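In this text the structure is predicted, and so the values were computed from the model without any measurement. The first residue in the sequence is number 1, and the count goes up from there.
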Amino acid sequence: MTHLSTITHRLLLAGLGLFLAASQLAQAAEIRVITSGAFTEAYKQLVPEFEKKTNHKVISAFGASVGNAPDSIPTRFSRGEKFDLVILSDGGLEALVKNGNVIQGSRVDLVRSQIGAAVRKGTPKPDISTVDALKQTLLNAKSIAYSASASGTYLSTELFPKLGVAEQLKDTAKKIMSERVGAVVARGDAELGFQQVSELIYFKELDFIGTLPESVQQTIFFSAGLVMGSTEQETAKQLIRFFQSPEVADVIRKTGVDPVVSR
């Protein structure tokens, strides 16, 4: 190969490299995603893997599925904040569909979540293994913290009245806004805390004492939905498929929720 042809060959290779790099950048996208608590731990572990695998950039936000806290998902939508994909409790998602924020028929269930309870490490572990034991533990607790999101709504509007303790808990049970229940219990501001299992088990300062009895448990699906008006719907669908893939199921399971795997 002559000197001139060698130079030409190198220039062609360099040009090809630049073209491939430009093509890769052109295919990479940036999507905005907001997710609520129960899926947060799995989400934080999996998004970097998705970004590495696809070269897409995910801009993440976090908030409660329901409620009017300043950072809750419904509040952020009402303020006009822009997202491409939302992940929250099934009931919260259906409300966003009804309000026209999420595309009808785009719901995809990602995980199942249950409600559990925890106390500060080193303190007595009350019994919640039966309905009667749970009721007595609620009445005995000097202070109770529960989520302002989906699990807390169920506790305060359905379970507490069903157990006949709603009136007695008015002074001892507190809804926690814009903060994880585990953090409140960990610093000693509440004796007993209830939230989705996946949001309690990562606090090293806590002892997880179990889930609600099956007969009064609420299993919640946390689901993804495409946001109305998004220009990155294909990328959002790609992220959903990644969350549903069998390859990441074990990672999700270890965070305290049960994956809904796509076959």
For the residue pair Phe208 and Phe203, is the inter-centroid distance of their aromatic rings smaller than 6.0 Å?
no

Grouping I, L, V, M, F, W and Y whenever their side-chain heavy atoms are under 4.5 Å apart, do Ile31 and Ile59 come out in a common cluster?
no

All side chain to side chain contact (heavy atoms under 4.5 Å, CB included) counterparts of Ser78, not counting sequence neighbours:
Thr75

Can you measure from NZ (Lys174) to OG (Ser143) and round to the nearest 0.5 angstrom?
10.0 Å

With a 6.0 Å cut-off on ring centres, are Phe243 and Phe39 close enough?
yes

Do the non-hydrogen side-chain atoms of Val260 and Arg112 ever get within less than 4.5 Å of each other?
yes

Could you list the residues that satisfy salt bridge (charged side-chain N to carboxylate O under 4.0 Å, His left out) with Asp250, not counting sequence neighbours?
Arg253

With rounding to the nearest 0.5 Å, note down the distance linking OG in Ser245 to NZ in Lys53.
6.0 Å

Can you tell me how far OG of Ser156 sits from NZ of Lys170, rounded to the nearest 0.5 angstrom?
12.0 Å

Applying side-chain contact (heavy atoms from CB on, under 4.5 Å) between Leu239 and each of Val33, Thr54, Asp84, Leu46, report the one that passes.
Val33

Any ion pair linking Glu30 and Lys57 (charged N to carboxylate O, less than 4.0 Å)?
no

Spacing of Gln196 atom CD and Ser147 atom OG [to the nearest 0.5 Å]
7.5 Å

Residues Asp127, Ser129; criterion side-chain hydrogen bond (donor to acceptor under 3.5 Å, both in side chains); working and verdict:
CA-CA 6 Å; Asp127 184 8; Ser129 61; 2.6 Å; yes

Verdict with reasoning, Val257 to Ile252, per side-chain contact (heavy atoms from CB on, under 4.5 Å)
CA-CA 7 Å; Val257 288; Ile252 291 175; 3.6 Å; yes

Backbone of Ala61 reached by a side-chain donor or acceptor of Arg76 within 3.5 Å:
no

If I take atom CE from residue Met228 and atom CD from residue Gln233, how far apart are they, to the nearest 0.5 angstrom?
9.0 Å

If two hydrophobic side chains count as joined below 4.5 Å and joins carry through other members, does Leu96 share a cluster with Leu85?
no

When clusters are formed from ILVMFWY side-chain contacts under 4.5 Å, directly or step by step, what else is grouped with Met177?
none

Please work out which of the three classes, parallel, tilted or perpendicular, describes the rings of Tyr43 and Phe62, given edges at 30° and 60°.
perpendicular

Trace of the side-chain contact (heavy atoms from CB on, under 4.5 Å) decision for Lys121 with Glu205
CA-CA 5 Å; Lys121 192 173 289 292; Glu205 309 90 339; 5.5 Å; no

According to a hydrophobic-cluster definition based on side-chain heavy atoms being under 4.5 Å apart (Ile, Leu, Val, Met, Phe, Trp, Tyr only), do Val108 and Val111 belong together?
yes

Tell me, with the steps shown, if Ser113 and Val197 meet side-chain contact (heavy atoms from CB on, under 4.5 Å).
CA-CA 7 Å; Ser113 179; Val197 173; 5.7 Å; no

Approximate separation, where rounding is to 0.5 Å, of Ser60 OG and Ile34 CD1:
10.0 Å

Nearest heavy-atom contact between Ser178 and Asp71 is OG-OD1, 2.9 Å

Any pair with a residue in residues 31-52 that passes salt bridge (charged side-chain N to carboxylate O under 4.0 Å, His left out), sequence neighbours left out, goes on the list, sorted by first then second residue, please.
Glu41-Arg180

When clusters are formed by joining ILVMFWY residues with side-chain heavy atoms under 4.5 Å apart, either directly or through shared neighbours, do Val251 and Phe222 land in the same one?
yes

Clusters formed by hydrophobic residues whose side-chain heavy atoms approach within less than 4.5 Å: which one holds Val119, and what are its other members?
Ile115, Ile128, Val131, Leu134, Leu138, Leu139, Ile144, Tyr146, Tyr154, Leu155, Leu159, Phe160, Leu163, Val165, Leu169, Leu192, Phe194, Ile209, Leu212, Val216

Residues Ala29 and Thr235: closest non-hydrogen pair is CB-OG1, 3.5 Å

Quiz: residues 86-94 side-chain donor-acceptor pairs under 3.5 angstrom, not counting sequence neighbours:
from  : atom 1 : to     : atom 2 : distance (Å)
Ser89 : OG     : Gly92  : N      : 3.2
Glu94 : OE2    : Arg107 : NH1    : 3.4

Find out whether Glu179 and Val184 are in side-chain contact, i.e. whether some heavy atom of one side chain is under 4.5 Å from a heavy atom of the other.
yes

Give the minimum heavy-atom separation between Thr40 and Ser36, together with the two atoms involved.
OG1-O, 3.0 Å

Heavy-atom closest pair (Gly122 atom, Asp207 atom, distance to 0.1 Å) is N-OD2, 3.5 Å

Hydrophobic cluster identity match, Phe50 and Leu226, side-chain contacts under 4.5 Å:
yes

Give the C-alpha distance, both sets of side-chain angles, the deciding distance and a yes or no for side-chain contact (heavy atoms from CB on, under 4.5 Å) between Glu247 and Phe242.
CA-CA 9 Å; Glu247 291 78 16; Phe242 176 73; over 6 Å; no

What's the shortest heavy-atom distance between Ala141 and Glu191, and which atoms?
CA-OE2, 3.4 Å

Residues Lys237 and Glu232 bridged, charged N to O under 4.0 Å:
no

